[in-house]
Enquirer: 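Here it is, the structure in full.
The sequence lines fix the lettering, A, B, ..., with proteins before strands; numbering per chain opens at 1.
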Amino acid sequence: MNVFSWFRDRIIAEVTGLALTGKLPAGLDTARIGVEPPRDPSHGDLACNAAMVLAGAARRKPRELAVLLAQRLLAVEGVATAEVAGPGFINLRLTPEFWHARLVDILKAGAAYGDSVLGARQPINVEYVSANPTGPLHVGHGRGAVVGDALAGLLRKAGFAVTREYYVNDAGGQVDALARSLRLRWLIAAGAEPADAFARAQAEGTVQYGGDYLVPVAEALWQQDGERWLAAPEEQWLPAFRGFAIESMMRLIRDDLAALGIHFDVIASERALVEQGGVDAALHLLEDRGLIYEGVLEPPKGKLPDDWEPRPQVLFRATGYGDETDRPLQKSDGSWTYFAADIAYHLDKFRRGFPVMIDVWGADHGGYVKRMQAAVQAITEGCGALDVKLCQLVNLLDGGEPVRMSKRAGTFVTLREVVDRVGRDVFRFIMLTRKNDAPLDFDFQKVTEQTRDNPVFYVQYAHARCSSVMRHALAELGGKTVSDEVLAGASLGCLTDSGEIDLIKQLAAWPRLVESAALVHEPHRIAFYLQEVAQAFHGLWTRGKENAQLRFIHLDDLQLTAARLALVRATQIVVASGLAVIGVEPVEELR
RNA sequence: GCGCCCGUAGCUCAGUGGAUAGAGCAACUGCCUUCUAAGCAGUAGGUCGCAGGUUCGAGUCCUGCCGGGCGCGCCA
């Protein structure tokens, strides 16, 4: 139950009721009515702007309208007080019984607490990582991977039918360059080139992918095919090496992602799309709509690229859809640009049944957002929507000192190294402690410390403390008295302390948080929310340290104990539920 | 030069058009015979980059400036 939308519906019903009795005009627009937690908790549990929003159309003063509504709301079940404040807010305070009932909701729903029907099973495609299959993933990819995966989990929680998708760029010049790099490694493995040939080629800049990760790939290919490719012409070995390299790199990448607990529903191949004629088909569609023409682009304003010269190109009329300039679709060698293939790919996604698509990209691709959105508009005739989440850089630190990274010097830190060092759960949580469009510092020392300023620890510690209390209760009272079913029937009226009620309010905010975060596509809100829940729980715990009356377990008062265990168990459920959405395993104890 | 993102407490950052703008860290003051003090409570700290505009109401939306990051025809 989303407390806020539930009361919003009640308030709208009251407005309708007042209109029926003639006390308000009929047909008022209630769309802008909102019910939110007041910024200042002393104002109450809920604040509603209905009176201010309706005042104009109703030709009444906001405060006068607010008084009218507030009187009616007092009769609604669960409402303790309804006050008019400020310019015309209606502040509602809810009864303890109402909050106690939310605890029952949580205990009955378990991990499913917060599941929403907001998405109405609407299909939505989340595409993320989509790194070129040319080497191991780096930490930046890892951020996109976590943001995409957590967003997918969040949307699923909110009731959307989510597909997790990876687009493999296995068709362009990059994978040909990969094949050539592999070829040289292979010639060395075959003994046809001296061992230092690779280093020399790198110094001359004639190979692009210099990482050691191609060495075992070359050896595997040598083991598999032997001398077969030694005398073969390039048109034969290139596709073979490319295919072998791509397959090996994708295996590597999938392993890296699996280490993060990330698995995709669909892995789409650019090459397959091109070979099946998808690009031609998509461009024909645009051509039929008169959106493709041959023309010469204006040079970019200001700084002119060194080798710029006017050149006729095949262009897409992106300017018709909000882009600054029209965009090229074909390279001078006649092959399609990446953009052309990406148009076809997004059309393919749309045709597979996804009117809503989300792409998670690195911030360095920010310049492509407008053109891609323009293309989606054009090719779906306005029926498709594309949201792009750009992820900023991750700064790797160790004890506050930047970790210097250089591909050439071999000091490059891969995603896999980081995940192996700090663990999957730590990595995932930390990646969500910033908005996707803000840069993020990742400090090896800080993220594994067990201190207050490590958010992962702080949240896990709250869960572990809940688990600890439940273990003690189980040992003292036995399984039957601490089951969720029994706790849901406890005399929750015993929970009267303000810290206890505040924690319940915090827990009851989870369904609303799921819905609002899903609507704006912002999974980081979950990590922030969990820190707030943890904070409320740690506070209550410590008060029990100081005042024995507030401790959870009282063997001389089983009724009180059951009520408090219901609160502890509900906290554990909500924290675990939140962690599950972002793919983090809750811990039972800290070591 | 153009486009996108960002600018909030000393530092790192939250803040879906609502009221007196929040949290953590750092600083200062307290709290451990107890279910894990690996923690908690309190004090102090602000021209929300600047200037206009829209609105009953702007940190939030619009315009212009200032400052930082990213990108800018055949790389993906």
Side-chain angles (χ1 to χ4, degrees), chain A residues 32 34 36 38-40 42-43 47 49 52-53 55-56 61-62 85-89 91 130-132 134 169 171-175 177 270 296-305 307-311 313-315 323-339 341-342 362-370 390 392-393 433-435 437-441 449-455 457-458 461-462 464-465 468-473 476 512 515-517 519-520 522 524-525 528 531-532 535 538-546 548 551-553 568 589-590:
Chain A
R32 286 176 57 226
E36 300 179 342
R39 194 178 278 175
D40 183 346
S42 72
H43 290 148
N49 64 358
M52 291 176 289
V53 168
K61 290 179 184 168
F89 286 102
N91 292 330
S130 297
N132 293 342
T134 52
N169 302 127
Q174 310 257 327
V175 285
E270 178 187 3
V296 181
L297 283 177
E298 294 285 314
K301 286 167 186 160
K303 196 181 65 185
L304 199 64
D307 58 345
W308 201 91
E309 58 185 51
R311 187 185 295 119
Q313 288 174 296
V314 177
L315 299 171
D323 203 355
E324 290 85 39
T325 179
D326 293 337
R327 302 294 183 176
L329 297 169
Q330 204 169 30
K331 303 182 198 173
S332 52
D333 68 358
S335 65
W336 299 119
T337 60
Y338 171 77
F339 178 50
D342 223 5
D364 55 340
H365 291 57
Y368 280 74
V369 174
K370 277 193 179 176
L390 296 178
Q392 277 290 350
L393 288 179
T433 54
R434 290 286 177 272
K435 288 182 292 199
D437 52 7
L440 184 150
D441 287 343
E449 271 171 10
Q450 299 195 329
T451 62
R452 173 66 179 92
D453 58 332
N454 176 3
F457 159 76
Y458 191 68
Y461 188 31
R465 276 181 156 172
S468 168
V469 174
M470 295 311 293
R471 275 195 305 272
H472 278 270
E476 298 283 355
R512 175 175 188 266
E515 291 183 348
S516 55
L519 280 174
V520 294
E522 292 187 352
H524 74 273
R525 290 171 185 247
F528 283 91
Q531 292 181 67
E532 287 171 13
Q535 188 167 18
H538 286 311
L540 197 57
W541 172 288
T542 302
R543 286 182 60 215
K545 285 268 175 206
E546 291 158 356
R551 294 179 53 169
F552 300 123
I553 297 173
V568 172
E589 58 185 330
L590 293 161

Enquirer: Write down the distance separating the C1' atoms in C6(B) and G59(B), rounded off to the nearest Å.
Expert: 14 Å
Enquirer: With a sphere of 6.0 Å drawn around CZ of Arg32(A), does it hold more than 12 non-hydrogen atoms of other residues, nucleotides or ligands?
Expert: no
Enquirer: Below 4.0 angstrom from OP1 or OP2 of U34(B), is there any side-chain N or O of Arg551(A)?
Expert: no
Enquirer: Any idea which heavy atoms bring Glu270(A) and Ala341(A) closest together, and the distance?
Expert: OE2-CB, 3.4 Å
Enquirer: Heavy atoms only, 4.0 Å cut-off, all strands: where does Phe528(A) land among base, sugar-phosphate and nothing?
Expert: sugar-phosphate
Enquirer: Please classify the nucleic acid contact of Ser332(A) as base, sugar-phosphate, or nothing, using heavy-atom distances under 4.0 Å.
Expert: base
Enquirer: Determine whether a donor-acceptor pair (one donor, one acceptor, N or O, separation below 3.5 Å) exists between the side chain of His524(A) and the base of A14(B).
Expert: no
Enquirer: Does a donor on one side chain and an acceptor on the other come within less than 3.5 Å for Asn132(A) and Thr134(A)?
Expert: no
Enquirer: It should be established whether Arg39(A) places a side-chain nitrogen or oxygen under 4.0 Å from OP1 or OP2 of nucleotide A21(B).
Expert: no
Enquirer: If we take the C1' atom in both C56(B) and U63(B), what is their distance in whole Å?
Expert: 23 Å
Enquirer: Give me the atom names and distance for the closest heavy-atom approach of Val520(A) to Arg525(A).
Expert: CG2-NE, 3.8 Å
Enquirer: Figure out the OH/P separation between Tyr368(A) and C70(B), and round it to whole Å.
Expert: 17 Å
Enquirer: Touch check for Asp364(A), heavy atoms < 4.0 angstrom, all strands: base, sugar-phosphate only, or nothing?
Expert: sugar-phosphate
Enquirer: Identify whether any heavy atom of Ala47(A) sits under 4.0 Å from a base atom; if not, whether one sits that close to sugar-phosphate; answer base, sugar-phosphate or nothing.
Expert: base
Enquirer: Quick one: His538(A) NE2 to C35(B) P, roughly how many Å, whole number?
Expert: 17 Å
Enquirer: Just the rounded figure in Å: distance from C1' of U36(B) to CD1 of Ile553(A).
Expert: 13 Å
Enquirer: With rounding to the closest Å, how many angstrom separate the P atoms on A19(B) and A41(B)?
Expert: 24 Å
Enquirer: Which atoms of nucleotides 4-8 of chain B (N or O only) lie under 3.5 Å from a protein N or O atom, and what are those distances?
Expert:
residue : atom : partner   : partner atom : Å
C6(B)   : OP1  : Asp437(A) : OD2          : 3.4

Enquirer: Mind checking the C1' distance from A51(B) to A76(B)? Whole angstroms is fine.
Expert: 42 Å
Enquirer: Does the side-chain ring of His365(A) sit on the six-membered ring of the G71(B) base, less than 5.5 Å centre to centre and under 30° in tilt?
Expert: no
Enquirer: Measuring to OP1 and OP2 of G73(B), would you say a side-chain N or O of Tyr338(A) lies under 4.0 angstrom away?
Expert: no
Enquirer: Answer with base, sugar-phosphate or nothing: what part of the nucleic acid does Tyr458(A) contact at a heavy-atom distance below 4.0 Å?
Expert: sugar-phosphate
Enquirer: On the nucleotide C74(B), are OP1 or OP2 found under 4.0 Å from the side-chain N or O atoms that Thr337(A) carries?
Expert: no
Enquirer: By the 4.0 Å heavy-atom rule, please label Pro328(A) as base, sugar-phosphate, or nothing.
Expert: sugar-phosphate
Enquirer: Report the distance from atom CG of Asp326(A) to atom C1' of C72(B), rounded to the nearest whole Å.
Expert: 15 Å
Enquirer: Which part of the nucleic acid, if any, lies within contact of Arg452(A), taking any heavy atom under 4.0 Å across all strands shown: a base, the sugar-phosphate backbone alone, or nothing?
Expert: sugar-phosphate
Enquirer: Within the pair His472(A) and U36(B), is there a side-chain N or O less than 4.0 Å away from OP1 or OP2?
Expert: yes
Enquirer: Is RNA chain B part of any stem, that is, at least 3 consecutive Watson-Crick or G-U pairs with both distances under 3.5 Å, and where?
Expert: B:1-7 with B:66-72, B:10-13 with B:22-25, B:27-31 with B:39-43, B:49-53 with B:61-65
Enquirer: Taking 4.0 angstrom as the limit, do Glu522(A) and Lys435(A) come out as a salt bridge?
Expert: no
Enquirer: Could you pick out which residue, Arg434(A) or Val53(A), lies toward the 5' side of RNA chain B when each is mapped onto its nearest nucleotide?
Expert: Arg434(A)
Enquirer: Once hydrogens and angles are ignored, does a donor-acceptor distance under 3.5 Å link the base of A19(B) to the side chain of Asn91(A)?
Expert: yes
Enquirer: Looking only at atom C1', what distance separates A44(B) and C4(B), rounded to whole Å?
Expert: 39 Å
Enquirer: Looking at every strand, decide which applies to Pro455(A) at a 4.0 Å heavy-atom threshold: base, sugar-phosphate, or nothing.
Expert: nothing
Enquirer: Go through A76(B), G18(B), C74(B) for me and flag the one nearest to the Phe89(A) side chain.
Expert: G18(B)
Enquirer: Check every strand shown and say whether Gln531(A) touches a base, only sugar-phosphate, or nothing at a heavy-atom separation below 4.0 Å.
Expert: nothing
Enquirer: Compare side-chain N and O positions of Trp541(A) against OP1 and OP2 of A37(B) and report whether any pair is under 4.0 Å apart.
Expert: yes
Enquirer: Return whichever of Ala131(A) or Pro38(A) has its heavy-atom-nearest nucleotide of RNA chain B closer to the 5' end.
Expert: Pro38(A)
Enquirer: Please work out whether C4(B) sits syn or anti, treating a glycosidic angle within 90° of 0 as syn.
Expert: anti
Enquirer: Please determine, by modelled atom types, if His538(A) and Arg452(A) share a side-chain donor-acceptor pair under 3.5 angstrom.
Expert: no
Enquirer: So what does Glu589(A) touch, heavy atoms closer than 4.0 Å: a base, only the sugar-phosphate, or nothing?
Expert: base
Enquirer: How many Å lie between CD on Gln535(A) and P on C40(B), as a whole number?
Expert: 7 Å
Enquirer: Between C74(B) and G67(B), how far apart are the P atoms? Round to whole Å, please.
Expert: 30 Å
Enquirer: Using a heavy-atom cut-off of 4.0 Å across all strands, would you classify Ala548(A) as base, sugar-phosphate, or nothing?
Expert: nothing
Enquirer: Over all heavy atoms of both residues, which pair between Leu329(A) and Leu315(A) is shortest? Give the atoms and the distance, please.
Expert: CD1-C, 4.1 Å
Enquirer: If you compare every side-chain N and O of Lys545(A) against the phosphate oxygens of C32(B) (OP1, OP2), does one of them come in below 4.0 Å?
Expert: no
Enquirer: Taking CD from Gln330(A) and C1' from G73(B), how many angstroms apart are they, rounded to a whole number?
Expert: 14 Å
Enquirer: Atom CG of Asp453(A) to atom C1' of G39(B): distance rounded to whole Å?
Expert: 13 Å
Enquirer: Describe, in one word, how the ring planes of Phe457(A) and Tyr461(A) are oriented to each other, choosing from parallel (under 30°), tilted (30 to 60°) and perpendicular (over 60°).
Expert: parallel
Enquirer: Taking atom C1' in both U29(B) and G45(B), compute the distance separating them and give it to the nearest angstrom.
Expert: 16 Å
Enquirer: Starting at atom CZ of Arg471(A), determine the distance to atom P of U36(B), rounded to an integer number of angstrom.
Expert: 8 Å
Enquirer: Expressed as a whole number of Å, how far does the C1' atom of G49(B) sit from that of U60(B)?
Expert: 16 Å
Enquirer: Please classify the nucleic acid contact of Glu298(A) as base, sugar-phosphate, or nothing, using heavy-atom distances under 4.0 Å.
Expert: nothing
